[in-house]
There are 2 protein chains.
Amino acid sequence: MSGPIRPFERSLPMQLMRAREAVMARFRPHLNARNLSDQQWRIIRALSETDALEIVELSGRCCIHPASLSRMLPALEQEGLVKRHNHARDQRRSVMSLTVRGRRLFREMGPESEAIYAALARDIGAARLSQLYAMLDALIATLEQPAIVNRKMRPRKTRVAKVASRARSARSKR
Amino acid sequence: MSGPIRPFERSLPMQLMRAREAVMARFRPHLNARNLSDQQWRIIRALSETDALEIVELSGRCCIHPASLSRMLPALEQEGLVKRHNHARDQRRSVMSLTVRGRRLFREMGPESEAIYAALARDIGAARLSQLYAMLDALIATLEQPAIVNRKMRPRKTRVAKVASRARSARSKR
DNA sequence: GCCAGACCTTTAACATGTTAAGCATCTGCC
DNA sequence: GGCAGATGCTTAACATGTTAAAGGTCTGGC
């Protein structure tokens with residue numbers, strides 16, 4: 001199969017992106033009702049599963065780059081949802097954990113989260129869903145192996161988007 | 001099956017995100033060699049399949065929000081890869097298309113793109129891959145239906161992250 | 001013909017993704 | 001013990017995602 005050409009808009013990365021977006025769309029109203037972004041919720045969920053996590057560990061578990069994490073954590077601290085401790089034997093490290101308030105928020109949101117997930121699982125079908133999990137696990141396992149060497153990369157300085165974006169003022173007299 | 005609790009880091013949105021990232025990692029060196037970001041490449045690919053597209057159409061096909069698109073297009077114009085035309089009968093609309101140079105770039109990159117995809121398909125396995133496509137298509141079709149009403153949403157102004165992020169200076173004297 | 005509302009695109013403001021560099025601390029080796 | 005390099009986190013700079021609003025333009029109903 002695979003046919004000749006799958007049109008680009010249905011390419012694998014595109015479909016994975018769409019699928020994720022479709023799933024998240026179900027959860028977003030619930031998160032937004034508490035003024036949480038997707039990413040903030042990931043942080044809270046990751047911390048809810050353990051007592052405490054170092055930044056790099058947390059980063060790995062919630063798939064947020066350490067640099068982004070470093071930028072977003074102060075807001076969550078300020079809000080009183082997470083707190084920061086010093087590592088016992090290594091002054092370089094920070095250890096994050098949920099505050100009592102953070103845990104309570106998680107507890108309060110838990111039931112509805114699970115209800116949304118249950119509805120989702122019902123709509124998709126349990127069999128299909130577990131098959132999908134299995135395929136994603138396999139895909140990730142297959143592809144991530146040779147990637148030990150190179151991490152993510154972006155174009156360097158000279159990239160296309162470098163010019164200031166004011167050239168279109170020439171066009172505004174249409 | 002689905003068992004009791006799938007740990008959060010392997011939740012569906014998370015796995016979809018990881019899978020996409022794993023796939024894109026294979027293409028990124030190729031794109032970066034030409035100083036193109038993922039998104040810029042999506043724009044070029046979308047335009048390569050037709051003569052011309054209006055902004056909203058382009059946005060839909062490459063899954064980039066019109067506002068983002070509006071911001072990134074001038075750089076691609078400046079670089080001489082795409083050009084903008086006026087719509088014949090509707091002055092509100094812009095119509096984008098690839099320049100000769102843009103088409104040449106796409107042609108030049110095509111073979112290696114396909115080679116990377118072929119290697120990917122080989123590693124994953126043709127059967128698995130087409131099964132995966134089918135499941136993603138089904139998932140998207142299932143979930144996107146009731147979503148006609150609400151588009152994406154983010155927390156409103158009062159969100160958690162509103163405070164300036166300078167509170168951690170109190171911590172730097174650790 | 002005119003006008004209210006819909007539509008298309010852009011802009012602004014903010015949050016997050018991404019890379020590179022900076023800074024402090026730690027670790028292994030001498 | 002001291003020092004070079006590794007490690008953990010942060011910051012800076014830029015690109016992109018996301019929302020709301022602004023500015024033209026169009027359309028349908030009158």
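Per chain, numbering begins at 1; letters A, B, ... match sequence-line order. Everything numeric here is computed off the predicted structure, so don't read it as measured data.
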What does the list of N/O pairs under 3.5 Å between the protein and nucleotides 4-6 of chain D look like, with a distance for each?
none

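Between B:M72 and B:A67, the one whose closest nucleotide on DNA chain D sits nearer the 5' end is B:M72. Both B:V95 and A:L69 lie close to DNA chain C; mapped to their nearest nucleotides by heavy-atom distance, the more 5′-ward contact belongs to B:V95.
Dashed line: the shortest gap from a side-chain N or O of B:S37 to OP1 or OP2 of D:dA15 is not under 4.0 Å. Of the side-chain N and O atoms in B:R71, none sit less than 4.0 angstrom from OP1 or OP2 of D:dC14. Between B:R89 and D:dT27 there is no side-chain polar atom (N or O) within less than 4.0 angstrom of OP1 or OP2. Listed pair B:Q39 / D:dG17 meets the phosphate criterion, a side-chain N or O lying under 4.0 Å from OP1 or OP2. Proximity of B:S70 to the phosphate of C:dT10: a side-chain N or O atom is located under 4.0 Å from OP1 or OP2.
The ring-ring contact (aromatic ring centres under 6.0 Å, His included) test applied to A:F106 returns A:W41, not counting sequence neighbours.
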**Prompt:** So A:H65 and A:S59, side-chain contact (heavy atoms from CB on, under 4.5 Å) or not? Walk me through it.
**Reply:** CA-CA 6 Å; A:H65 195 286; A:S59 162; 5.5 Å; no

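When heavy atoms are screened at a 4.0 angstrom cut-off, A:I64 is found touching the sugar-phosphate backbone but no base atom.
Residue B:N35 holds its CG atom at 8.5 Å from CD of B:E79, rounded to the nearest 0.5 Å.
Between A:L81 and A:I43 there is no side-chain heavy-atom pair separated by less than 4.5 Å. The side-chain heavy atoms of B:L105 and B:L36, taken from C-beta on, include a pair separated by under 4.5 Å.
In this structure, CD of B:E54 is placed 16 Å from P of D:dT25, rounded to the nearest angstrom. The distance from atom NE2 of A:H65 to atom P of D:dC14 is 18 Å, rounded to the nearest whole Å. Following rounding to the nearest Å, B:M17 (CE) and D:dG17 (P) show an atom-to-atom distance of 15 Å.
Applying the side chain to side chain donor-acceptor pair (under 3.5 Å) test to residues at least two apart or on different chains, the pairs with a partner in residues 98-108 of chain A are A:R34-A:E108.
Residue B:R93 places no side-chain atom within donor-acceptor reach of the base of D:dG24, judged by atom type and a 3.5 Å distance cut-off alone.
Contact check on B:E77 versus B:R84 returns a salt bridge, with a Lys/Arg side-chain nitrogen under 4.0 Å from an Asp/Glu carboxylate oxygen.
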